[in-house]
2 protein chains.
Amino acid sequence: MSDASTARGHATIQDVADAAGVSRAAVSKVLRNAYGVSPTMRQRVNAAIESLDYRPRVAARAMRGSTYTIGIEIPDFGNSFFTRVLFGAQSALTGTGYQLMIAPADPGPQEGARALEALLDRQVDGVVAVSPIVDQSSLERIARRTPVVMFGRHDESDFYDTVAADDERGAGELMRHLLELGHTRITHLSIGELGGSVERRTPHGIRLEMYRKEMARAGLVTHERVVRAAEGEEAAYLATVEELDGRERPTAILAGHDAHAIGALRAIMERESDVSVAGFDDIPIASHPGISLTTSRQPGEEMGARAMDMLLERLKGRTEAAHEIFEPSLVVRGSTKPPPP
Amino acid sequence: MSDASTARGHATIQDVADAAGVSRAAVSKVLRNAYGVSPTMRQRVNAAIESLDYRPRVAARAMRGSTYTIGIEIPDFGNSFFTRVLFGAQSALTGTGYQLMIAPADPGPQEGARALEALLDRQVDGVVAVSPIVDQSSLERIARRTPVVMFGRHDESDFYDTVAADDERGAGELMRHLLELGHTRITHLSIGELGGSVERRTPHGIRLEMYRKEMARAGLVTHERVVRAAEGEEAAYLATVEELDGRERPTAILAGHDAHAIGALRAIMERESDVSVAGFDDIPIASHPGISLTTSRQPGEEMGARAMDMLLERLKGRTEAAHEIFEPSLVVRGSTKPPPP
DNA sequence: GTGAAAGCGCTAACAA
DNA sequence: TTGTTAGCGCTTTCAC
C-alpha cells in the first residue's frame with residue numbers, strides 16, 4: 001500500500017481501496033450506500049475512510065453525475081427579507097444530503113443572471129433564483145436541464161416552478177388602509193433606477209400597478225407620484241429627503257418594501273416630520289418598538305422552505321410545473337396614522 | 001461536424017473545436033489566453049464559442065487545477081454585520097475573475113466547520129471563514145493545501161491569515177463609557193448557550209474578559225452579572241425580558257454585539273424601561289433615529305475587503321502569514337444615558 | 001503555431 | 001458479492 005495520500009496531500013478513492021484491500025468500485029458502493037456490499041467489506045472500507053480522512057471530491061463526482069449541491073441566487077443581502085427566505089430554504093435542506101451554495105448577485109440589472117450562470121457552471125443539481133432579470137426563454141432553456149424554482153416571479157412557465165406572494169392583494173390592502181386613514185397625497189417609493197422602468201411581472205411592478213389603480217379608484221390621479229430609488233436603505237433615505245424637502249410634501253409614503261420603508265422612516269424621523277410610511281415584507285426590525293412599521297407581511301421563511309421543497313420534488317422526479325402563491329397579511333403599526341389636519 | 005451540443009444538451013470543448021475546425025487544445029488555449037495562438041484562430045474559436053453558447057465546466061477544470069472559485073463561510077445571515085463583511089469581501093473580488101460562493105453555517109457549534117468542509121470538498125481556490133469553531137491544528141492542515149483567511153480570530157498562525165478587530169480596546173471603551181455615566185449595575189449579555197463557555201480567543205470571549213476586568217477595576221466585582229443567549233435578536237430579547245423582570249434589575253446592558261443589543265432594546269422599549277444598552281459593530285440599523293444605539297463600531301466592509309485582498313495575495317504567491325487588526329471606534333448615541341437616580 | 005494524447009478522481013455497466 | 005474498465009470534459013506536456 002503506497003501512502004499516496006501523504007504524498008499528494010489528499011487521499012483518493014484509490015488510496016482507500018488500497019488501504020482496505022478492495023477495489024475502487026467497492027469503495028464507491030460503500031460511499032453511495034449502493035446495493036451489494038457485505039457488512040464485512042463495509043466495515044473495512046469505512047475504517048479505511050476514517051483513518052485516511054478521506055473525502056470524495058465533488059468535482060470528480062460532477063464529471064459523472066450529480067454534485068449534491070443546490071444553488072441559490074440572492075440579490076441583496078442587505079435586505080433581511082431575502083435573508084429570511086434563505087433561512088427557510090436552508091432549513092428545508094437539512095437532512096437531505098444536499099449542500100446549499102449561495103451565489104451573491106452584485107447590484108446591477110444583469111448580475112442576477114450572471115450569478116445564476118456561475119451556479120450552472122458549477123453543475124448544481126438544482127437552483128432557486130430570487131428575482132433575477134432573465135427572459136423567460138433562456139430560463140426555460142436552463143430549466144430543461146436543471147430544475148429551477150423562481151422566487152418572486154409571477155409568470156407561469158411549463159418548465160420551471162415559481163413561488164410568489166399575492167402582491168396585488170398586498171398592495172391593495174395597504175393602499176386602502178392609507179386611503180381610509182384619509183391620506184390623499186401618497187407617494188410611491190419604488191425600486192429601480194431613476195427614470196428606469198419596473199418589469200411588469202415582478203413584485204415591484206405589480207405593487208406599482210396597484211398603487212396607480214387604487215389612486216385612480218379614489219379619484220386621486222392628479223396626486224399620483226412615483227419616486228424611484230436603487231436597492232438599499234440608503235438610496236431610499238436620500239430619495240425621501242428630497243421628497244420631504246420638495247414643495248408638495250406627501251402625507252404618506254408607500255414604499256416598495258420594508259428596506260426602503262426603513263430608509264424613508266429614517267429621513268422622516270430625523271426631520272420629525274409627520275408622514276406615514278408603509279412597506280412590504282415585515283422584516284424583523286419592522287416590529288421593533290422604535291420602528292413600528294405598518295407593512296404587508298410576506299411569510300418569507302415559509303416561502304423559502306416551500307421553494308426548496310418544490311425543488312426537491314423535482315429532483316425526485318416530478319415533471320409538471322408547479323406555481324404557488326402565498327397570501328400576505330396586513331400588519332398595521334404606528335408608522336401609519338391619519339394625515340395632519 | 002456532429003452537433004453533439006444539441007444531442008447532449010451542453011456543448012463541450014470538443015464541440016467548439018469541431019465547429020471551429022481546430023483541436024481541443026487550441027480551444028483551451030484561447031479560453032485561457034495562453035501563449036501561442038494566432039489571431040485568426042482566436043477569432044474562429046471565439047466565433048464558435050459564441051454560436052454554441054459554450055461555457056467551460058468548472059468540474060472538469062477542477063480535475064486538473066483551479067476552480068476560480070473563492071469560498072466564504074458565514075455563520076448567521078440574520079446579523080447584518082456579517083452581511084457587511086460579505087459585501088466588502090465580494091467587492092474586493094469584482095474584476096478578478098474569481099467567483100464567490102457562500103456556504104451558510106447552520107446554528108450549532110460544529111456547523112461552521114461543516115460548511116468549511118463543504119467548501120473544501122468543492123475545491124475552492126481559497127477560503128474566508130468567519131469565526132467557526134475549529135481547532136488550530138485542523139485549520140493548519142487545511143491551510144497547508146488551500147489558502148485560508150480567518151475572520152474574527154485572535155490567534156496567530158504561521159499558516160493562515162487573520163483579520164480581526166481590537167476587541168480589547170472596543171470593549172474597554174464601551175465599559176468606561178458606561179462607568180463614567182455612573183452605571184454600576186451593568187449586565188453583560190453574552191453569546192453562547194446557557195451555562196456554556198465562550199472560547200477565549202474569539203471576539204465574544206475577549207469582550208467578556210474585558211467586561212470582567214473593567215468591572216473589577218471599578219470595584220464592582222459583586223455587581224458582575226453575565227447572561228447568555230443564543231445568536232439572534234429573538235434570543236437576546238427573551239434573555240433581556242427575564243433580566244428586566246428579575247429582582248436586581250440592571251441599569252445598563254452591555255450586549256455582545258448589535259444584533260443582541262437590538263433585541264435587548266426591544267424588551268426595554270416595550271416595557272418603557274430606563275435601561276441603557278450598548279453593543280458592538282454599528283450595523284446599519286443602529287444609527288436609525290428609532291434605535292439610536294451606542295456601539296463600538298467595527299469597519300465590517302473594510303475588514304471583509306481586506307480579508308479577501310489577503311486571500312488574493314496568497315493566491316498570487318505570498319507565503320508568510322499576515323495578521324491584521326482593525327481599530328474600533330466608540331459611537332455614542334441615545335441608548336446610553338446616566339442611570340436613573 | 002498547432003495537434004495528439006495522457007490523466008485528474010469518480011461512477012456505473014458489465015464481467016467474473 | 002466483488003472487481004475491471006471505460007469514460008465524463010478539461011489542461012498540459014510534448015511532438016510535429
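It should be emphasised that the depicted structure is a prediction, and the values quoted were computed from it without experimental measurement. Just so it is clear: chains get the letters A, B, ... in the order the sequence lines come, proteins before strands, and each one is counted from 1.
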Strictly below 4.0 Å, N to O, side chains only: are [X] and [Y] in salt-bridge contact?
{"X": "B/D121", "Y": "A/R55", "answer": "yes"}
{"X": "B/E73", "Y": "B/R114", "answer": "no"}
{"X": "B/R314", "Y": "B/D161", "answer": "yes"}

Any [X] side-chain nitrogen or oxygen under 4.0 Å from OP1 or OP2 of [N]:
{"X": "A/R61", "N": "C/dT11", "result": "yes"}
{"X": "B/S23", "N": "C/dG3", "result": "yes"}
{"X": "A/R32", "N": "C/dA12", "result": "yes"}
{"X": "A/Y68", "N": "C/dC10", "result": "no"}
{"X": "B/R57", "N": "D/dC10", "result": "no"}

Length of the line joining [X]:[atom1] and [N]:[atom2], which is rounded to integer Å:
{"X": "B/R42", "N": "C/dG1", "atom1": "CZ", "atom2": "P", "answer": "11 Å"}
{"X": "B/R122", "N": "C/dG9", "atom1": "CZ", "atom2": "P", "answer": "18 Å"}
{"X": "B/R64", "N": "D/dC10", "atom1": "CZ", "atom2": "C1'", "answer": "7 Å"}
{"X": "A/Q43", "N": "D/dT1", "atom1": "CD", "atom2": "C1'", "answer": "17 Å"}
{"X": "A/L52", "N": "C/dG9", "atom1": "CG", "atom2": "C1'", "answer": "15 Å"}
{"X": "B/D121", "N": "C/dG9", "atom1": "CG", "atom2": "C1'", "answer": "13 Å"}
{"X": "A/I49", "N": "C/dC10", "atom1": "CD1", "atom2": "C1'", "answer": "13 Å"}
{"X": "B/I13", "N": "D/dC8", "atom1": "CD1", "atom2": "P", "answer": "14 Å"}

| task | Test the A/R144-A/F159 pair against the cation-pi criterion, namely NZ or CZ under 6.0 angstrom from the six-membered ring centroid and within 45° of the ring axis. | result |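 Yes.
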Of the nucleotides [options], which has the atom closest to the [X] side chain?
{"X": "A/Y35", "options": "C/dT11, C/dA12, D/dT1", "result": "D/dT1"}
{"X": "B/T12", "options": "C/dG3, D/dG9, C/dC10", "result": "D/dG9"}
{"X": "B/A25", "options": "D/dT12, C/dA12, C/dT11", "result": "D/dT12"}

| So, does the side chain of B/R24 form a donor-acceptor pair with the base of C/dG3 at under 3.5 Å? |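 When only heavy-atom distances are counted, B/R24 does not reach the base of C/dG3 through any donor-acceptor pair under 3.5 Å.
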Mind listing the side-chain donor-acceptor pairs of residues 37-44 of chain B below 3.5 Å, one per line with the distance, residues two or more places apart or on another chain?
from: B/S38; atom 1: OG; to: B/M41; atom 2: N; distance (Å): 3.3
from: B/R44; atom 1: NE; to: B/A20; atom 2: O; distance (Å): 3.0
from: B/R44; atom 1: NH2; to: B/A20; atom 2: O; distance (Å): 3.0

| Taking the six-membered ring where the residue is Trp, are the ring centres of A/F77 and B/F77 under 6.0 Å apart? |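 So the answer is yes for these two rings.
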| request: Map A/R55 and A/K29 onto DNA chain C by nearest heavy atom, then report which one ends up closer to the 5' terminus. | output: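 Whichever sits nearer the 5' end wins; that is A/R55.
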| note | Walking DNA chain C from its 5' end, the first of B/M63 and B/T40 to be reached, judged by nearest nucleotide, is B/T40
| field | Heavy-atom pair with the smallest gap, counting every atom of A/V163 and A/M303 | value | CG1-O, 3.9 Å
| task | Remember a base hit wins even if backbone is also touched, and classify B/S28 as base, sugar-phosphate or nothing at under 4.0 Å, heavy atoms. | result |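 Contact class for B/S28: base.
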| Of all residues at least two apart in sequence or in a different chain, which pass the salt bridge (charged side-chain N to carboxylate O under 4.0 Å, His left out) check with B/E140? |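 Once residues adjacent in sequence are excluded, B/E140 has no partner under the salt bridge (charged side-chain N to carboxylate O under 4.0 Å, His left out) criterion.
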| task | Enter the inter-axis angle for the ends of the helix from C/dG1-D/dC16 to C/dA16-D/dT1 (five pairs per end, rounded to 10°). | result |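 That helix gives 40° between its end axes.
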